[in-house]
Novice: 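Dumping the structure here so I can ask a few things about it.
None of the values given here were measured: they were computed from a predicted structure.
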Amino acid sequence: MEYQLYTLSNGIRVMYKHSPTAVTHCCLLVNAGSRDEQPNQEGLAHFIEHLLFKETDRRSTNQILNRLELVGADLNAYTTKEYTCIHASFLNPYLERAIDLFEDILFHSTFPEDEVEKERGVIQDEIASYLDQPEEAIQDDYEELLFQDHPIGKNILGTTETVGRLNRDDMKQFMAANYNTNEIIFAVIGDYDLKKVSKLGDKYFGPIEPNYSKKSRVTPLANIGGKHIIHKPISQTHCVIGNQAYSSSHHNKTGLLLLNNLLGGMGMSNRLNLEIREKHGIAYTIESNYTALTDTGIFSIYFGTDTEKTDKAARLVHKELKKLREQKLSTLQLHQNKQKFIGQIALAEENRMSLIISMAKSLIDFNYVDTLPQLFEKINAVTAEQLLEISNEIFDESKMITLLFEPKD
């Protein structure tokens with residue numbers, strides 16, 4: 001994962017990783033997301049992301065959308081609780097075209113009223129569509145329970161009501177307060193040299209006025225365990241069981257990533273899938289997830305099943321969690337799970353877009369990027385005793401939240 005870094009006078013950093021291929025992947029990552037919104041402004045960061053693809057000082061919407069697509073490129077963006085990311089993939093000769101467009105839409109969008117109104121309707125339709133998917137909606141409701149009255153617990157899309165209130169002044173104020181130039185990374189993976197990439201970075205991002213506004217992120221309080229049931233017009237029961245978890249800088253993060261992968265991560269051979277789907281046949285989808293944020297984390301187990309099988313599925317989930325709390329992994333089990341996780345990470349590096357975005361996030365969060373050998377070293381350093389300690393902390397049944405979406409009678 002070796003990379004080169006060039007910092008502009010305004011604080012914007014240009015990251016470059018060489019890859020001898022015909023296709024370039026790049027991203028513009030901003031350390032600003034939905035957790036930075038003010039009360040009653042939920043959905044603002046995501047709304048801005050949509051409107052970045054509308055008019056700028058010198059381009060119309062069609063010109064923005066066609067600028068890269070006319071040369072066969074893929075252009076997109078997304079918003080998370082902590083980041084806004086614009087990304088593109090294209091043939092190598094079009095690097096300057098991409099940088100020019102990224103600079104234009106991030107720093108010169110005009111947010112015209114007619115586009116704001118059109119996109120407001122689009123996002124409200126997106127919210128309605130999302131609410132029609134219980135397997136997606138339950139995760140948002142779970143996170144709201146996990147981080148009660150904290151911005152991290154709010155839906156990234158916002159609500160129909162909050163999105164209905166937002167205006168262009170809100171957008172400009174949010175960007176001024178949160179789009180700090182020293183927390184913006186432009187990252188490229190492609191077949192160039194640093195001199196070319198840094199020269200283009202200077203040309204397009206160098207003239208941007210520096211902005212060093214101070215963020216006011218507040219760490220959430222610990223959650224309280226409990227069981228919650230919501231009745232909905234659905235045919236199956238959906239369930240999430242989980243707890244707050246470690247932050248991205250916590251010394252136990254790697255251990256929990258390994259545990260999560262063992263329990264319900266990638267592939268069909270994880271413990272939850274083998275026990276609940278393969279052995280008992282009572283859930284089509286069963287998985288666990290761990291997301292580390294800068295000052296907290298989210299751990300969750302999700303499954304969907306017929307209502308009469310829900311209690312059995314939940315008991316089996318807790319049975320697997322109890323095993324991890326009470327039974328230390330054998331030397332062979334620990335070795336096998338480390339090798340599996342290491343192999344998955346190595347394969348994931350083949351997705352070069354995901355790789356460059358992950359590297360940019362690491363640079364924002366820690367000011368460095370681990371090499372693959374360093375990552376593997378951290379995984380191999382995890383002990384069975386450490387996994388037992390983590391299991392007893394994160395999988396403590398008294399602290400875990402259970403949320404059920406059950407069919408209405």
Side-chain angles (χ1 to χ4, degrees), residues 8 10 12 26-34 36-38 41-80 83-90 94-129 156-158 160 162-181 183-187 200-201 203-211 213:
L8 305 177
N10 53 21
I12 295 174
C26 70
C27 70
L28 192 58
L29 190 72
V30 185
N31 188 20
S34 62
D36 300 307
E37 296 161 349
Q38 297 300 310
Q41 288 190 333
E42 289 84 6
L44 179 55
H46 174 255
F47 205 153
I48 290 170
E49 174 228 308
H50 272 237
L51 284 163
L52 293 177
F53 293 86
K54 304 305 175 181
E55 292 178 19
T56 67
D57 290 333
R58 57 192 177 94
R59 286 188 173 98
S60 67
T61 301
N62 285 344
Q63 287 172 325
I64 291 168
L65 297 178
N66 284 325
R67 183 65 180 158
L68 287 177
E69 288 192 3
L70 282 178
V71 294
D74 178 56
L75 172 68
N76 216 325
Y78 65 86
T79 306
T80 70
Y83 305 105
T84 300
C85 181
I86 307 166
H87 57 89
S89 303
F90 46 85
Y94 301 113
L95 177 62
E96 183 167 8
R97 183 181 285 232
I99 295 177
D100 174 28
L101 181 63
F102 278 21
E103 186 274 340
D104 192 25
I105 64 178
L106 192 70
F107 297 105
H108 306 290
S109 286
T110 56
F111 306 113
E113 294 290 355
D114 58 333
E115 293 289 357
V116 170
E117 291 309 314
K118 280 193 291 185
E119 212 57 32
R120 191 192 312 278
V122 169
I123 293 171
Q124 288 174 332
D125 284 344
E126 185 180 357
I127 292 168
S129 173
I156 292 169
L157 300 181
T160 302
T162 59
V163 170
R165 290 194 294 264
L166 299 173
N167 58 53
R168 66 197 303 267
D169 288 338
D170 295 326
M171 295 168 193
K172 288 181 177 294
Q173 289 167 12
F174 181 88
M175 292 181 78
N178 294 286
Y179 279 42
N180 302 334
T181 49
E183 295 183 309
I184 294 174
I185 309 282
F186 177 69
L200 290 173
K203 178 179 177 180
Y204 289 98
F205 297 123
I208 301 301
E209 288 293 318
N211 177 15
S213 303

Novice: List for me each residue that meets side-chain contact (heavy atoms from CB on, under 4.5 Å) alongside Leu65, sequence neighbours excluded, and say none if there are none.
Specialist: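 Leu65 satisfies side-chain contact (heavy atoms from CB on, under 4.5 Å) with Phe53, Thr61 only.
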Novice: Identify the two heavy atoms, one from Glu115 and one from Leu51, that lie closest to each other, and give their separation to 0.1 Å.
Specialist: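 Heavy-atom minimum between the residues: O-CD2, 3.7 Å.
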Novice: Of all heavy-atom pairs between Ile127 and Thr160, which one has the smallest distance, and what is that distance?
Specialist: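 The pair with the smallest heavy-atom distance is CD1-N, 3.9 Å.
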Novice: Step by step, would you call His50 with Thr79 a side chain to side chain contact (heavy atoms under 4.5 Å, CB included)?
Specialist: CA-CA 9 Å; His50 272 237; Thr79 306; over 6 Å; no
Novice: CG of Asn66 to CG of Leu70: how many Å apart, nearest 0.5 Å?
Specialist: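 One finds 4.5 Å between CG of Asn66 and CG of Leu70.
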Novice: For residues Leu8 and Gly201, report the shortest heavy-atom separation together with the two atoms involved.
Specialist: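 Minimum heavy-atom contact is CD1-O, 3.7 Å.
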Novice: Quick one: do Arg165 and Gln41 satisfy side chain to side chain contact (heavy atoms under 4.5 Å, CB included)? Show the steps, please.
Specialist: CA-CA 8 Å; Arg165 290 194 294 264; Gln41 288 190 333; over 6 Å; no
Novice: Check salt bridge (Lys or Arg N to Asp or Glu O under 4.0 Å) between Glu209 and all other residues, then give those that pass, not counting sequence neighbours.
Specialist: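 Partners of Glu209 by the salt bridge (Lys or Arg N to Asp or Glu O under 4.0 Å) criterion come out as none, since no residue qualifies.
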Novice: Indicate yes or no for a side-chain donor-acceptor contact from Asn10 to the backbone of Ile208 under 3.5 Å, with no hydrogens or angles considered.
Specialist: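 Yes, the answer is positive, given that a donor and an acceptor are paired below the 3.5 Å cut-off.
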Novice: For Asn167, check side-chain contact (heavy atoms from CB on, under 4.5 Å) against everything at least two apart and list the hits.
Specialist: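 Asn167 satisfies side-chain contact (heavy atoms from CB on, under 4.5 Å) with Asp169, Asp170 only.
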Novice: Would you indicate whether the side-chain heavy atoms of Ile99 and Leu28 approach each other to under 4.5 Å?
Specialist: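 SC-SC contact between Leu28 and Ile99 ruled out.
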Novice: Let me confirm one number: the CG-CE distance from Leu106 to Met175, rounded to the nearest 0.5 Å.
Specialist: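 If we round to the nearest 0.5 Å, Leu106:CG and Met175:CE are 5.0 Å apart.
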Novice: Heavy atoms, side chains only, cut-off 4.5 Å: are Leu29 and Ile184 in contact?
Specialist: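 They are not in contact (no side-chain heavy atoms under 4.5 Å apart), so the answer is no.
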Novice: Tell me every residue that passes salt bridge (Lys or Arg N to Asp or Glu O under 4.0 Å) with Arg59, counting only those two or more places apart in sequence or in another chain.
Specialist: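 Arg59 satisfies salt bridge (Lys or Arg N to Asp or Glu O under 4.0 Å) with Asp100, Asp104 once adjacent residues are dropped.
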Novice: Could you tell me if the side chain of Leu44 sits less than 4.5 Å from the side chain of Asp36, heavy atoms only?
Specialist: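 In short, these two side chains do not touch, never coming nearer than 4.5 Å.
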Novice: So, using salt bridge (Lys or Arg N to Asp or Glu O under 4.0 Å) as the criterion, who are the partners of Glu69 when residues are at least two apart?
Specialist: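 Partners of Glu69 by the salt bridge (Lys or Arg N to Asp or Glu O under 4.0 Å) criterion come out as none, since no residue qualifies.
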Novice: With a 4.5 Å heavy-atom cut-off, do Asp57 and Thr110 have their side chains touching?
Specialist: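 Heavy-atom side-chain distance check passes, below 4.5 Å.
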Novice: With rounding to the nearest 0.5 angstrom, report the SG to CD1 distance, Cys85 to Ile185.
Specialist: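 With rounding to 0.5 Å, SG (Cys85) is 11.5 Å from CD1 (Ile185).
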Novice: Under the salt bridge (Lys or Arg N to Asp or Glu O under 4.0 Å) rule, collect the residues that match up with Lys172, sequence neighbours excluded.
Specialist: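 For Lys172 there are no salt bridge (Lys or Arg N to Asp or Glu O under 4.0 Å) partners, ignoring immediate neighbours.
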Novice: Under the side chain to side chain donor-acceptor pair (under 3.5 Å) test, which residues partner Glu113, sequence neighbours left out?
Specialist: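 Not a single residue meets the side chain to side chain donor-acceptor pair (under 3.5 Å) criterion with Glu113.
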Novice: Considering all heavy atoms of both residues, which atom of Leu101 and which atom of Ile64 are nearest to each other, and what is their separation?
Specialist: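 So the two residues come closest at CD2-O, 3.9 Å.
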Novice: My understanding is that only residues two or more places apart in sequence, or in another chain, count here; which of them pass ring-ring contact (aromatic ring centres under 6.0 Å, His included) with Phe174?
Specialist: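 Checked Phe174 against ring-ring contact (aromatic ring centres under 6.0 Å, His included); zero matches.
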Novice: Pair His87, Tyr78 - check side chain to side chain contact (heavy atoms under 4.5 Å, CB included), show working.
Specialist: CA-CA 9 Å; His87 57 89; Tyr78 65 86; 4.0 Å; yes
Novice: Name all residues meeting the side-chain contact (heavy atoms from CB on, under 4.5 Å) criterion together with Ser109; count only those two or more places apart in sequence or in a different chain, and write none if there are none.
Specialist: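 With neighbours one apart ignored, the set is Leu52, Thr56, Ile105, Phe111.
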Novice: Step by step, would you call Ile48 with Thr84 a side chain to side chain contact (heavy atoms under 4.5 Å, CB included)?
Specialist: CA-CA 9 Å; Ile48 290 170; Thr84 300; over 6 Å; no
Novice: Taking atom types as modelled, is there a side-chain donor on Asn211 or Ser213 under 3.5 Å from an acceptor on the other?
Specialist: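 Yes - a donor-acceptor pair under 3.5 Å links their side chains.
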Novice: With a 4.5 Å cut-off on side-chain heavy atoms, are Cys27 and Phe186 touching?
Specialist: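 They are not in contact (no side-chain heavy atoms under 4.5 Å apart), so the answer is no.
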Novice: List the residues meeting side-chain contact (heavy atoms from CB on, under 4.5 Å) with Arg97, not counting sequence neighbours, and say none if there are none.
Specialist: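 Arg97 satisfies side-chain contact (heavy atoms from CB on, under 4.5 Å) with Arg67, Leu68, Val71, Tyr94 once adjacent residues are dropped.
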Novice: Measuring only between side-chain heavy atoms, which start at C-beta, is Asp74 closer than 4.5 Å to Phe90?
Specialist: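 They are not in contact (no side-chain heavy atoms under 4.5 Å apart), so the answer is no.
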Novice: I want to check something: taking the side chain as every heavy atom from C-beta on, are Phe107 and Phe205 in contact at a cut-off of under 4.5 Å?
Specialist: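 Touching, per the 4.5 Å side-chain cut-off.
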Novice: So, using side chain to side chain donor-acceptor pair (under 3.5 Å) as the criterion, who are the partners of Ser129 when residues are at least two apart?
Specialist: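 With neighbours one apart ignored, the set is empty.
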Novice: So which pairs with a foot in residues 41-56 pass salt bridge (Lys or Arg N to Asp or Glu O under 4.0 Å), sequence neighbours left out?
Specialist: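 Passing the test, one end in residues 41-56: Lys54-Glu119.
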Novice: Quick check: closest heavy atoms across Tyr204 and Glu103, and the distance to 0.1 Å?
Specialist: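 Result for this residue pair: O-CG, 3.1 Å.
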Novice: Tell me, do Gln63 and Arg58 make a side-chain contact under 4.5 Å, heavy atoms counted?
Specialist: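 When only atoms from C-beta onward are counted, Arg58 and Gln63 do not touch, as no gap falls below 4.5 Å.
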Novice: Locate the shortest heavy-atom distance separating Glu37 from Ala45; write the atom from each residue and the value.
Specialist: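 Looks like OE2-N, 2.9 Å.
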